[in-house]
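Computed over heavy atoms, backbone and side chain alike; hydrogens, waters and symmetry mates excluded. No experiment lies behind these values; they were computed from the predicted model shown.
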Amino acid sequence: MDDFQAIFCAFNDRLHEITTFLLMVSQQKDFVKTIYDSSPEKHSTLREDAYVKSSRELINSKVEYNAIIISAYACFENYIDDLLQEYLKSIIKAGCNVDSISTTTKKKYFDKICEYLSSPHRYPAEHLSIEAAIKSVYDCYYGSKTDIIAELLLHHGGNLKQENISNLLSILGIIEQGSLIVSQRDAQDFVSLFLSDSDRQLAIITKPQILFQSLDELVDQRNIIAHTWNSDSRFGESMLRDHIELLLLLGYVILFQVICSYYSKNPHYLHEFPVVHDVFNHNVLCLNSDKAAIKVGDFLYIKDESTVFVAQIKRIEVNRTSVDIVEEPNTDVGLELNRRVKRVQKFYYIQ
């Protein structure tokens, strides 16, 4: 699970680099505008500076805009690829045999193998070979161990819109085919972590589909600039920032889907808390720690009659004192979670 979180942190850091670059471009524009909007005498020396002249030429450059769009999409695509490859590796490692892969996933993998064998040039990975592909699919059905080639199972055409992401998640059994990736519960729990504007928060809670509309628009914009230098459909600076924020939120929701699916497939890691006292303010869970060692940043697995999900511990209190970790067995603790929960749900710690 630490590997899943590390992949998200890398994704977050890369998007932060992009937003920092976007801020620098904005500040650069303001700086140059100030120089050239003032009286000629005031900044005459600066106007002759080579850097200032070059900056002025690039103020409305398509190069900077294109770089931001291409980088933002590449950042998201790499995140999805890394996260799902790690998920696949983890469930195989946890299962250690072919039973760790569902029948549906095996069938879809077989379809991918057939695609590869008919058109191997579409799969440029250097270590792929026809012999390895045939051996892999044989092992999945008849062998004693699973040796799935992740690049084949997770291969996509590079346009990760909603339909393609949904397909990848369903191939791995993370979601059911055709089910929602982002629920209203997800939007309500997570939106305030990434968006400060209350109107935007409400819009996404009411219509979580906005997250994928934003992604699809980014993919379309990436495709336009990849084939057309002159385009009239460019995003404004504010819209660029909005799209990057929504990318991060979408990536966070998918992270929690992946973690939840992993532990649903590996229930031997889960142990139910036998004594739950109460829930306050919808996200403060009071219970007895039982035998669990609990620390800030840990995940809880939560189940009710219709759904399962995971929540992360943001803060721990023991006797009204904040602590980072609880190691003493049978300690009454208060856990502030990053999701809304109910007293009637069942709560599990992950060993």
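- Here the CG atom belonging to D189 is positioned 11.0 Å from the NE2 atom belonging to H282, to the nearest 0.5 angstrom.
- Not one N or O on the side chain of S170 forms a donor-acceptor pair closer than 3.5 Å with the backbone of G173.
- One side chain, N159 or N223, offers a donor N or O that lies under 3.5 Å from an acceptor on the other.
- Residues V63 and I224 fall into different hydrophobic clusters, defined by Ile, Leu, Val, Met, Phe, Trp and Tyr side chains chained together at heavy-atom separations under 4.5 Å.
- Remark: side-chain polar atoms of Q312 are paired, donor with acceptor, to backbone N or O of G297 under 3.5 angstrom.
- Scanning for side chain to side chain donor-acceptor pair (under 3.5 Å) contacts around D220 gives K161, with sequence neighbours left out.
- Within the structure, ring pair (Phe, Tyr, Trp, His ring centres under 6.0 Å) pairs that include any residue of residues 192-216 comprise F194-Y252 (at least two apart or interchain).
- A heavy-atom distance below 4.5 Å is not found between the side chains of K112 and Y116.
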Worksheet entry | side chain to side chain contact (heavy atoms under 4.5 Å, CB included) between I181 and I174, worked out | CA-CA 9 Å; I181 298 176; I174 295 171; over 6 Å; no

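- When the shell of 6.0 Å around NE2 of H227 is examined, it contains 12 or fewer heavy atoms from other residues, nucleotides or ligands.
- When atom types are taken as modelled, the side chain of S214 and the backbone of I210 share no donor-acceptor pair closer than 3.5 angstrom.
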Fill in: Trace of the side chain to side chain contact (heavy atoms under 4.5 Å, CB included) decision for Q345 with K303
CA-CA 6 Å; Q345 292 167 329; K303 183 188 297 186; over 6 Å; no

Practice prompt. May I have the step-by-step check of side chain to side chain contact (heavy atoms under 4.5 Å, CB included) for L218 and F76, ending in yes or no?
Written response: CA-CA 11 Å; L218 180 67; F76 181 76; 5.8 Å; no

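- L84 contributes atom CG, which lies 9.0 Å from atom OH of Y79 (distance to the nearest 0.5 angstrom).
- In this structure, CD in Q201 is found 5.5 Å from OG in S192, a value given to the nearest 0.5 Å.
- In the hydrophobic clustering of ILVMFWY residues, with side-chain heavy atoms under 4.5 Å counting as a link, F21 and L23 come out apart.
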Worksheet item: Hey, mind stepping through V182 and Q257 against side chain to side chain contact (heavy atoms under 4.5 Å, CB included) and telling me if it holds?
Response: CA-CA 9 Å; V182 184; Q257 294 270 22; over 6 Å; no

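- Between S118 and P120 the shortest heavy-atom distance is C-CD, 3.7 Å.
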Practice prompt. Report the C-alpha distance between Q213 and Q162 in whole Å, list the side-chain angles of each, state the deciding distance to 0.1 Å, and finish with yes or no for side chain to side chain donor-acceptor pair (under 3.5 Å).
Written response: CA-CA 8 Å; Q213 290 175 356; Q162 177 179 4; over 6 Å; no

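- Cluster annotation: I70 is connected to L15 through the hydrophobic network of ILVMFWY side chains, with a link wherever side-chain heavy atoms come within less than 4.5 Å.
- Through chains of ILVMFWY side-chain contacts below 4.5 Å, I313 is grouped with F273, V276, V279, L285, L287, I294, V296, L300, I302, F309, I316, V318, V323, V326, V333, L335, L337, V341, F347, Y349.
- Atom CE of M24 sits about 12.0 Å away from atom CD of E17, to the nearest 0.5 Å.
- Side-chain atoms of L249 and V191, non-hydrogen and from C-beta on, do get closer than 4.5 Å to each other.
- Ring-plane geometry between F256 and F190 is classed as tilted, the angle between the planes lying from 30 to 60 degrees on a 0 to 90 degree scale.
- For D304 and R185, the salt-bridge test passes: some basic side-chain N is under 4.0 Å from an acidic carboxylate O.
- You'll find the side chain of L168 stays beyond 4.5 Å of the side chain of L153, heavy atoms only.
- Looking at Q221 and R234, their side chains come closer than 4.5 Å, going by heavy atoms from C-beta outward.
- Residue D324 qualifies as open at atom CG: its count of foreign heavy atoms under 6.0 Å is 12 or below.
- Cluster annotation: L246 and L193 are assigned to the same hydrophobic cluster (Ile/Leu/Val/Met/Phe/Trp/Tyr, side-chain heavy-atom contacts under 4.5 Å, transitive).
- A donor-acceptor contact shorter than 3.5 Å links the side chain of N266 to the backbone of Y262.
- Residues satisfying the side chain to side chain donor-acceptor pair (under 3.5 Å) test with H156, not counting sequence neighbours, are D81.
- Annotation for E115: atom CD counts as buried by contact number, over 12 foreign heavy atoms lying within 6.0 Å.
- For N288 and H277, the side-chain atoms include no donor-acceptor pair closer than 3.5 Å.
- With values rounded to the nearest 0.5 angstrom, E77 atom CD is found 10.5 Å from D82 atom CG.
- Put simply, the side chain of E317 never gets that close to the backbone of S322: no donor and acceptor are under 3.5 Å apart.
- For Y263 and F299, the gap between ring centers reaches or exceeds 6.0 Å.
- Separating the CD1 atom in I244 from the NE2 atom in H16 is a distance of 11.5 Å, to the nearest 0.5 Å.
- Cluster membership for I175 and Y109, using ILVMFWY side-chain heavy atoms within less than 4.5 angstrom, is shared.
- The closest side-chain heavy-atom distance from I165 to I254 is below 4.5 Å.
- Classification of E86 and K89 as a salt-bridged pair holds, one side-chain N sitting under 4.0 Å from a carboxylate O.
- A salt bridge between R241 and E245 is absent, with no side-chain N of the basic residue lying under 4.0 Å from a carboxylate O of the acidic one.
- R339 and D186 make their closest contact through NH2-OD1, 2.7 Å (heavy atoms, listed as atom of the first residue, atom of the second, distance).
- Other residues, nucleotides and ligands place more than 12 heavy atoms under 6.0 Å from the CG atom of D197.
- For the residue pair R222 and G158, the shortest heavy atom distance occurs at NH2-O, 3.0 Å.
- Under a 3.5 Å cut-off, the side chain of H243 and the backbone N or O of M239 do form a donor-acceptor pair.
- Under the side chain to side chain donor-acceptor pair (under 3.5 Å) criterion, Y87 pairs with S261, K265, sequence neighbours left out.
- D242 is linked by a side chain to side chain donor-acceptor pair (under 3.5 Å) to R200, counting only residues two or more places apart in sequence or in another chain.
- Between Y301 and I259, every side-chain heavy-atom pair lies at or beyond the 4.5 Å cut-off.
- Between L215 and L247 there is a side-chain heavy-atom pair separated by less than 4.5 Å.
- Remark: side-chain polar atoms of S289 are paired, donor with acceptor, to backbone N or O of T331 under 3.5 angstrom.
- Side-chain atoms of F11 and L83, non-hydrogen and from C-beta on, never get closer than 4.5 Å to each other.
- With ring centers used as reference points, H271 lies 6.0 Å or more from Y348.
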